[in-house]
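All chains are named by letter (A, B, ...) in the order of the sequence lines, taking the proteins before the strands, and each is independently numbered beginning at 1. On a predicted model such as this, the values are computed, not experimentally measured, just so you know.
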There are 2 protein chains.
Amino acid sequence: MAPRSAGKNAESSDKVGVICRALRRAIIEQALEPGAKLPEDSLGERFGVSRTIARHALGQLAAEGLVELRRNRIAVVATPSWQEARDAFDIRIQLERLVVRQLAGKLSKSQVATLNAHVDAEDAARGGKDAVSIRLATEFHILLAHMTSSPILVRYVSEVAYRCCLTLSLYSRPHSTECAINEHRAIIAALVKGDEDKVMGLMHTHLDSVANRALVTPAPQRGRDLLDILAPYAEEGESERVVKLPKVVRAR
Amino acid sequence: MAPRSAGKNAESSDKVGVICRALRRAIIEQALEPGAKLPEDSLGERFGVSRTIARHALGQLAAEGLVELRRNRIAVVATPSWQEARDAFDIRIQLERLVVRQLAGKLSKSQVATLNAHVDAEDAARGGKDAVSIRLATEFHILLAHMTSSPILVRYVSEVAYRCCLTLSLYSRPHSTECAINEHRAIIAALVKGDEDKVMGLMHTHLDSVANRALVTPAPQRGRDLLDILAPYAEEGESERVVKLPKVVRAR
DNA sequence: CCGCGTAGAAGTGCATGCAATTCGGGCGCG
DNA sequence: CGCGCCCGAATTGCATGCACTTCTACGCGG
C-alpha cells in the first residue's frame with residue numbers, strides 16, 4: 001500500500017508508468033543520447049516485463065515526442081531538428097507565462113518553501129554533472145506547473161519542458177546554468193510579490209535567454225547521422241515536405 | 001491525394017492510427033458521448049483487430065486526454081471538469097496566438113484558397129447537425145496549425161482543440177456557430193493583410209468568446225452520472241484531491 | 001419488500017508464440 | 001580492391017491464452 005502515489009490517468013498505475021518514468025529520466029539526463037536504440041526485448045528484460053509492456057511504454061513516450069517510432073524499426077530516442085527545438089521553446093514560453101500568471105500572488109508559504117528548497121538543490125548541484133543541473137532546472141519549471149493544480153497545464157508544460165531538455169542536450173555546449181538559477185530565484189520573488197506582468201515578463205525573458213544561449217547555431221548537423229540528413233534528398237517520389245514549404249512559409 | 005496528410009510519427013502508420021482517428025472523430029462528433037464505455041474487445045471486433053491493438057489505441061487516446069483509463073476498468077470517453085475545460089481554452093488561446101503570429105502575411109495563395117474553401121464548407125453545413133458544425137470549426141483551427149509546418153505546434157493545437165471540442169459537447173447547449181464563421185473569415189482576412197497584432201487579437205477574442213459562450217454555467221453537473229460526482233466524497237481514506245486544493249490555490 | 005452475499009459472466013493485465021520485416025555480414029562478381 | 005547480393009540473426013507486428021479483477025444478476029435471509 002505504499003507507492004500508491006496519486007491517481008494519474010494515462011500510463012501511470014502499472015509497469016508501463018514505471019518504464020516511462022525511467023526512460024524519461026534517462027533521456028533527459030543524457031544517459032540515453034538522441035538516436036540511442038531502444039529495442040523492445042532489451043527494455044522488457046531490463047525492467048522484468050514482457051515486450052508487450054515495453055512496447056506500450058514506447059508508444060506513450062512517442063506520443064510525448066521523446067522517442068521516435070518507425071514501423072518495423074527499432075525505436076530510438078528522438079532527435080529533434082533545430083527548428084523543432086525553436087518551436088518547442090516558443091510554445092513553452094507561452095505555456096509558462098500562463099503558469100506564472102495563474103500563480104502570481106497565490107502561492108502558499110509551504111509552496112514558496114518548496115520552491116526555495118528546490119532552487120537550493122539546484123545550487124548545491126552546481127559543481128556536479130551538467131546533465132543533473134539541466135534536469136533540476138527543468139524540474140523547477142514542472143514544479144511550478146504542478147502548483148497550478150491544472151492537470152492539463154501540468155501535462156503540456158512537462159511534455160514540452162522535457163522536449164526542450166532533450167534539445168538542450170543536443171545543441172548546447174556544456175555551459176553555465178548559473179545565471180538560470182538566479183533567474184529562478186527572481187521568479188519566485190516576483191511570484192510572491194504578486195505582480196502578474198512582472199513575473200510573466202521575467203519568465204519570458206528567462207526562457208528566451210535559455211533558448212538563445214542553447215540554440216546558438218542554426219546549423220543542426222552535429223556529425224551525428226549524416227545519413228539521416230541526406231534522407232529527404234534521397235527520396236524523390238512522394239515529396240511532400242519539399243513542396244509544402246517553398247521557403248516562404250517557414251521564414252517567420 | 002486527399003487524406004494522405006503527412007508523415008505522422010507516433011501511432012499513424014498502422015491499424016492503431018486508424019482506430020485512433022476513427023475514435024477521435026466519433027468523440028468530437030458526439031457519436032460517442034463523454035462517459036461512453038469503450039471495451040477493448042468490442043473495439044477490436046469492430047475494427048477487425050485484436051485486443052492488443054485496440055488497447056494500444058486507447059493508450060494513445062488516453063495520452064491525448066480524450067479517453068480515461070482506469071486500471072481493470074472499462075475505458076470511457078473522458079468527461080472533463082468545468083475547470084479543465086476552462087484551462088484547456090486558456091492554453092488553446094496561447095497556442096493559437098502563436099499560430100497566427102507565425103502565419104500573418106506568410107500565407108500563399110493556395111493556402112488562402114484552402115482556408116476559404118473550408119469556411120465555405122462550414123457555411124454550407126450551417127443547416128445540418130450541430131456536431132458537424134463544431135467539428136468543422138475545430139478543423140479550421142487545425143488546418144491553420146498545419147500551415148505553420150511546425151509538427152509540434154500541430155500536435156498540441158490539435159490535441160487541445162479536440163479536448164475543447166469534447167467539452168463543448170458537454171457544457172454548451174445547441175447554439176449558434178454562425179458568428180464563429182464570420183470570425184473565421186475575419187481571421188483569414190487579417191492573416192492576408194499581415195498585421196500580426198491584429199490577427200492575434202482577433203484569434204484571442206474569437207476563442208475567448210467561444211469559450212465564454214460555451215462555458216456559461218460553472219455548474220458541471222449535468223444530470224449525467226451523479227454516481228461519479230459523489231465518488232470523491234465516498235472515498236474518505238487516501239484523500240488527496242480534498243486536501244490538496246483547500247480553496248485557495250484554485251482561485252485564480 | 002428490501003438489502004446483502006455470492007457465483008457466474010464480462011473485461012482487463014500481461015506473457016508468449018508465430019509470421020513478416022529489417023539488419024548485418026560474408027561471399028561472389030566485376 | 002570495391003560493390004552488390006543473399007541468407008541467417010535480430011527485431012517488430014500482431015493474435016491468442018491464461019490469471020486476476022470487476023461487474024451483474026440471482027437467490028437467500030431478514
Side-chain angles (χ1 to χ4, degrees), chain A residues 1 3-5 7-23 32 35-63 67-78 225-228 230-231 234-235, chain B residues 7-23 32 35-63 67-78 225-228 230-231 234-235 237-238:
Chain A
M1 239 289 169
R4 281 241 29 226
S5 60
K8 306 278 197 62
N9 49 358
E11 56 82 2
S12 82
S13 44
D14 51 335
K15 329 208 184 180
V16 173
V18 174
I19 301 182
C20 280
R21 279 187 290 274
L23 286 183
L32 291 171
K37 292 184 187 173
L38 302 169
E40 297 174 359
D41 328 332
S42 315
L43 293 180
E45 191 182 7
R46 184 68 189 76
F47 289 97
V49 297
S50 102
R51 277 202 312 122
T52 307
I53 306 305
R55 183 183 187 73
H56 205 88
L58 286 174
Q60 297 294 316
L61 261 11
V67 323
E68 276 170 34
L69 237 40
R70 297 111 85 212
R71 186 173 178 88
N72 282 323
R73 309 287 256 266
I74 302 181
V76 295
V77 176
D225 38 16
L226 75 164
L227 181 138
D228 242 354
L230 295 184
E235 51 170 351
Chain B
K8 308 278 195 62
N9 48 358
E11 59 78 4
S12 81
S13 42
D14 50 334
K15 331 207 182 178
V16 174
V18 174
I19 300 182
C20 280
R21 279 187 290 275
L23 287 184
L32 291 170
K37 291 182 188 174
L38 302 169
E40 298 174 357
D41 327 327
S42 315
L43 293 180
E45 192 183 6
R46 184 68 189 77
F47 289 97
V49 298
S50 102
R51 277 204 311 123
T52 307
I53 305 306
R55 183 183 187 72
H56 205 87
L58 287 175
Q60 298 293 316
L61 260 12
V67 323
E68 276 169 33
L69 239 39
R70 297 111 86 212
R71 186 173 179 88
N72 283 320
R73 309 288 262 263
I74 304 181
V76 296
V77 176
D225 37 18
L226 75 163
L227 182 137
D228 241 354
L230 294 183
E235 51 172 350
E238 54 178 308

Worksheet item: By a strict heavy-atom criterion of less than 4.0 Å, which residues belonging to residues 41-50 of chain A are in contact with DNA chain C?
Response: A:V49, A:S50

Worksheet item: Distance from B:L58 atom CG to B:I74 atom CD1, nearest 0.5 Å?
Response: 11.0 Å

Worksheet entry | Interatomic distance, B:H56 atom NE2 to B:S50 atom OG [nearest 0.5 angstrom] | 12.0 Å

Fill in: Range on DNA chain C touched by chain B - first to last nucleotide, heavy-atom distance under 4.0 Å
C:dG11 to C:dC14

Item to complete: Taking all heavy atoms of A:C20 and all of A:Q60, pick out the closest pair and write down the distance.
Response: SG-CB, 3.8 Å

Item to complete: Just jot down the side chain to side chain contact (heavy atoms under 4.5 Å, CB included) partners of B:A54, sequence neighbours excluded, or say none.
Response: B:L43

Worksheet entry | Partner set under salt bridge (Lys or Arg N to Asp or Glu O under 4.0 Å) for B:R55, not counting sequence neighbours | B:E40

Practice prompt. Just do the side chain to side chain contact (heavy atoms under 4.5 Å, CB included) check on B:L38 and B:L32 with the steps written out, would you?
Written response: CA-CA 9 Å; B:L38 302 169; B:L32 291 170; 3.9 Å; yes

Item to complete: Using the test side chain to side chain contact (heavy atoms under 4.5 Å, CB included), find all partners of A:V76 that sit at least two apart in sequence or belong to another chain.
Response: A:K37, A:E68, A:R70

Pull out every protein N or O sitting under 3.5 Å from an N or O of nucleotides 17-22 of chain D, one pair per line with the distance.
unit_1	atom_1	unit_2	atom_2	d
D:dG17	O6	B:R51	NH2	3.2
D:dT21	O3'	B:N72	ND2	3.3

Worksheet entry | Sequence-distant partners of B:S42, side chain to side chain donor-acceptor pair (under 3.5 Å), two or more places apart | none

Discussion item. With side chain to side chain contact (heavy atoms under 4.5 Å, CB included) as the test, pick out the partner of A:L61 among A:V77, A:I19, A:L23, A:L69.
Written reply: A:L23

Item to complete: Return the set of residues passing side chain to side chain contact (heavy atoms under 4.5 Å, CB included) with B:A22 (not counting sequence neighbours), or none when no residue passes.
Response: B:F47

